[in-house]
Amino acid sequence: MKGQLIFFGKLLAIWLLFFLFQRLLFIFHFLGDFSGNYGELFLMPFHGLKLDLSAFGYISGIAFIMSVPSFFLTGEKGLKIINRIITIYFWTILILVSLIMCGEIVTYIEWKTKLSSKIFMHFGTPSEIFRTASGSYTFWYFFYFTVQIIFGYLLYNRWFKKNKIKSTLQSISKRLIYGLTYFLVGAFVLVLMIRGGLQQIPVSATDGYFSNKQIVNDVTVNPVWNFINTCYVHFKVDLSAYYHNLDPQVSDELTANLYASEGIDSIKIFNQKQPNIVLVTLEGWSAQMIEPLGGESGITPNFNQLCEEGLLFTEIFSTGGTSETGHSSIISGYPTIAGVSISTQSSKCRHLPSLNQSFEALGYNSFYTFGGSLSYGNIGGYLTDVGFDKLVDENDLNLTPTGKLGIHDEAMFPYFLSEVQKAKRPYFYGLFTQSTHSPYDMPAEPFPGYNNDGYVTSMHYADEHLAKFVEGIRNLPDYDNTVVVFIADHGRANIYNQNTYDEMYFHIPLLIWGGALKNEYAGQTIDRVGSQADLAKTLLNQLDINSDDFHWSKDLLDPSTQAWAICTSTLSYGWKNEDGYTVYHMIDDRLVYSPYTDQKEIDAALKKCRAVLEAMYREFIEM
């Protein structure tokens with residue numbers, strides 16, 4: 001038994017060293033992001049040990065089971081086969097673990113979150129994964145994969161190659177006793193490692209959190225453990241387990257109160273009864289890049305000027321962090337449920353209301369176009385299901401310049417303008433921009449002063465070509481009967497905010513502009529908190545169209561409605577109001593942040609958030 005114990009002792013040491021090496025690679029790549037917290041990196045291995053041991057338990061279970069027969073084999077041939085199988089298994093796992101880590105490093109550049117089951121949401125359109133990855137992303141992916149394999153080979157040569165299970169010379173009775181003891185004790189220890197101890201609640205990511213900085217906690221949490229855990233939740237755990245905190249009656253009553261209004265007439269901002277509606281969905285435009293929203297000056301000068309001519313909503317937040325959920329929020333007034341992407345479920349999409357269908361009742365034509373592929377996140381499928389008259393994406397066009405993701409805004413804005421010019425009136429026409437999505441390969445010189453940041457440059461580039469589009473709209477013969485709505489599908493992490501749990505990650509622009517906007521609202525702002533899902537009811541009420549079907553949307557121009565927004569990710573949900581943002585990690589079952597110090601206020605905020613999400617989820621299941 002001594003040989004088997006030495007074997008697994010060395011195997012544990014190999015994997016703990018490998019996990020530490022993986023963290024060092026992550027730190028190397030994002031070193032600047034740890035500024036101010038370098039001292040905490042020395043504590044990281046100790047705080048992450050529980051999760052490292054848990055990960056070891058997961059990946060070594062099969063090797064352990066394969067080692068048990070060695071107690072009952074006397075011939076060298078049988079032991080040689082077992083050792084060979086374990087060696088093959090070791091290399092298979094090492095390759096998979098390396099792939100997880102290099103995937104985590106590369107996706108962290110864009111998502112600022114650990115690699116998780118979120119990746120499976122994009123596997124429906126695998127081509128988009130490669131197209132959105134820049135050349136540098138691909139380089140770093142294979143670079144870190146190669147480095148890990150080399151380091152793994154050095155560990156293998158030093159400790160594993162000669163670390164063989166050897167034959168024992170004890171009697172059959174001793175072999176049986178030792179083998180049974182080894183199996184029972186070893187299985188108990190592995191289970192203990194996986195659970196993180198004897199405590200009632202198994203180990204969770206929270207056990208690795210010790211810093212106030214997100215990236216420090218992220219690198220502390222073992223990537224293998226995190227991926228296995230989130231995949232388990234994705235494939236095996238019923239989401240309803242996270243949406244039953246409140247009694248359904250309590251949830252429904254609280255939700256009804258949150259959406260209640262006193263029936264006060266909305267402020268009327270249009271001077272036309274049936275204006276043409278142009279929707280420009282801005283890919284990943286963050287408020288932190290837009291000066292009138294408290295962001296940087298000079299990056300979007302044309303949009304800044306436009307804000308002085310239109311009605312700007314300064315406290316609007318995206319309900320999720322992906323384009324597909326952004327579209328269903330904007331067009332169907334349907335906030336994102338954490339862990340759910342409704343656009344990928346056609347049978348449920350067909351139960352959703354949509355702006356184009358509501359406008360159609362008044363004779364509006366509808367059209368939507370995107371310079372990339374509408375197959376991404378099944379956006380095209382969703383738009384088809386909710387009844388758009390015509391959809392056009394990159395597969396229908398032959399325009400330049402193009403990038404890996406599709407046709408750039410420089411070409412798409414003129415094309416879209418030409419479609420607007422010849423549209424049958426009245427119309428509801430939409431454009432989804434794409435140049436502000438990685439890999440930022442638009443034909444533009446780096447915007448000065450931001451360390452050649454691709455996202456900043458893409459925002460300035462998109463703003464430049466948006467301005468030309470705006471001038472084209474001004475020159476329309478029926479400009480006075482035209483409204484343009486600019487809204488982002490989601491926010492994003494950027495050079496000023498890497499924290500995806502921060503409310504600024506969700507802060508986005510919403511601007512209503514055009515000739516049909518009353519003069520008294522030009523240059524005005526609405527500073528009440530709301531979400532992108534509230535656009536639907538707001539627009540419909542302006543045109544006196546029945547909006548009852550949009551019961552998850554609020555009228556931003558109705559002074560009697562309550563001011564709040566729900567923001568979600570794959571793993572969290574949060575409640576935003578005038579006091580701040582209270583966010584909760586649903587998988588780890590922990591509070592991430594709240595502006596409140598009183599537990600009663602924290603509980604009240606989360607109760608409201610859960611009430612809405614649980615009511616939505618019950619409806620979602622029944623669709």
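Positions are given from 1, in the same order as the sequence printed here.
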Visitor: Return yes if some donor-acceptor pair links the side-chain N/O of Ser553 with the main-chain N/O of Phe550 below 3.5 Å, else return no.
Guide: no
Visitor: Return yes if a side-chain donor-acceptor contact under 3.5 Å exists between Asn541 and Ser547, otherwise no.
Guide: yes
Visitor: Whether Asp544 and Lys268 form a salt bridge (side-chain N of Lys/Arg under 4.0 Å from carboxylate O of Asp/Glu) is what I want to check.
Guide: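 Salt bridge present between Lys268 and Asp544.
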Visitor: For a side chain to side chain donor-acceptor pair (under 3.5 Å) check, start with the C-alpha distance between Trp564 and Glu578, then their side-chain angles and the critical distance, and finish with the verdict.
Guide: CA-CA 7 Å; Trp564 55 266; Glu578 60 186 6; over 6 Å; no
Visitor: Taking 4.0 angstrom as the limit, do Asp534 and Lys554 come out as a salt bridge?
Guide: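 A salt bridge links Asp534 with Lys554.
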Visitor: Measure the CG-CG distance between Leu355 and Leu535 for me, rounded to the nearest 0.5 Å.
Guide: 6.5 Å
Visitor: Distance from Asp453 atom CG to Asn494 atom CG, nearest 0.5 Å?
Guide: 8.0 Å
Visitor: Centres of the Tyr368 and Phe388 rings: under 6.0 Å?
Guide: yes
Visitor: With the side chain counted from C-beta on, respond yes when Val392 and Tyr415 share a heavy-atom pair under 4.5 Å apart, and no when they do not.
Guide: yes
Visitor: State yes or no: are the ring centers of Phe432 and His327 separated by less than 6.0 Å?
Guide: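 Between Phe432 and His327, the centre distance is under 6.0 Å.
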Visitor: To check you understand the geometry: which heavy-atom pair defines the closest contact between Ala615 and Thr255, and what is its length?
Guide: CB-OG1, 3.8 Å
Visitor: Donor-acceptor pair, Gln434 side chain versus Ile407 backbone, under 3.5 Å?
Guide: yes
Visitor: Rounded to the nearest 0.5 Å, how far apart are CD of Glu410 and OG1 of Thr400?
Guide: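 Output value for this atom pair is 8.0 Å.
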Visitor: Answer yes or no: is there a donor N or O on one side and an acceptor on the other, between the side chain of Gln532 and the main chain of Ala488, under 3.5 Å?
Guide: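 Indeed, once roles are kept as given, a pair shorter than 3.5 Å links the two residues.
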Visitor: Once you round to the nearest 0.5 Å, how far does CG of Leu511 lie from CD of Glu308?
Guide: 11.0 Å
Visitor: Between Phe303, Tyr455, Phe486, which is the residue that forms a ring pair (Phe, Tyr, Trp, His ring centres under 6.0 Å) with Trp285?
Guide: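 Result for ring pair (Phe, Tyr, Trp, His ring centres under 6.0 Å) with Trp285: Phe303.
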Visitor: Side chains of Ser328 and Thr325: do they bring a donor and an acceptor to under 3.5 Å?
Guide: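 The criterion, which ignores hydrogens and geometry beyond distance, is not satisfied for Thr325 and Ser328.
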Visitor: Below 6.0 angstrom between ring centroids: does that apply to His465 and Phe413?
Guide: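 Ring centres of Phe413 and His465 not closer than 6.0 Å.
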Visitor: Taking the six-membered ring of Phe620 as reference, does the NZ or CZ atom of Lys348 fall below 6.0 Å from its centre and within a 45° cone about the axis?
Guide: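 Yes, cation above the ring, under 6.0 Å and within 45°.
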Visitor: Let me confirm one number: the CD-CD1 distance from Gln274 to Ile545, rounded to the nearest 0.5 Å.
Guide: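 With rounding to 0.5 Å, CD (Gln274) is 7.5 Å from CD1 (Ile545).
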Visitor: Could you go through the side-chain contact (heavy atoms from CB on, under 4.5 Å) check for Asn302 and Val470 one step at a time?
Guide: CA-CA 9 Å; Asn302 298 297; Val470 165; over 6 Å; no
Visitor: Angle between ring planes, Tyr573 versus Tyr584, binned at 30° and 60°: parallel, tilted or perpendicular?
Guide: parallel
Visitor: Take atom NZ of Lys518 as the centre, draw a 6.0 Å sphere, and report whether it contains more than 12 heavy atoms from other residues, nucleotides or ligands.
Guide: yes
Visitor: For residues Phe506 and Phe317, establish whether the separation of their ring centroids is below 6.0 Å.
Guide: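 No, the ring of Phe506 stays outside the 6.0 Å limit from the ring of Phe317, centre to centre.
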Visitor: Please determine whether a side-chain nitrogen of the Lys or Arg among Asp385 and Arg350 lies less than 4.0 Å from a carboxylate oxygen of the Asp or Glu.
Guide: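 Answer for the salt bridge query: yes.
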Visitor: Quick one: pull up CZ in Phe370 and CG in Asp393 and give me the separation to the nearest 0.5 Å.
Guide: 8.0 Å
Visitor: Please verify the inter-ring angle class for Phe416 with Phe367; under 30° counts as parallel, over 60° as perpendicular, anything in between as tilted.
Guide: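 Geometry flag for Phe367 against Phe416: parallel rings.
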Visitor: Please confirm whether Tyr427 and Tyr364 have ring centers closer than 6.0 angstrom.
Guide: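 Here the rings of Tyr364 and Tyr427 have centres that are no less than 6.0 Å from each other.
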Visitor: Which label fits Trp513 and Tyr479: parallel for a plane angle under 30°, tilted from 30 to 60°, or perpendicular past 60°?
Guide: tilted
Visitor: Would you say the side-chain atoms of His460 pair up with the backbone N or O of Ser458, donor to acceptor, closer than 3.5 Å?
Guide: no
Visitor: Can Glu309 and Arg474 be counted as an ion pair, charged N to O under 4.0 angstrom?
Guide: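 Yes, this pair counts.
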Visitor: Could you check Arg492 against Glu283 for salt bridge (charged side-chain N to carboxylate O under 4.0 Å, His left out), going step by step and ending with a plain yes or no?
Guide: CA-CA 10 Å; Arg492 60 153 292 145; Glu283 161 60 50; over 6 Å; no
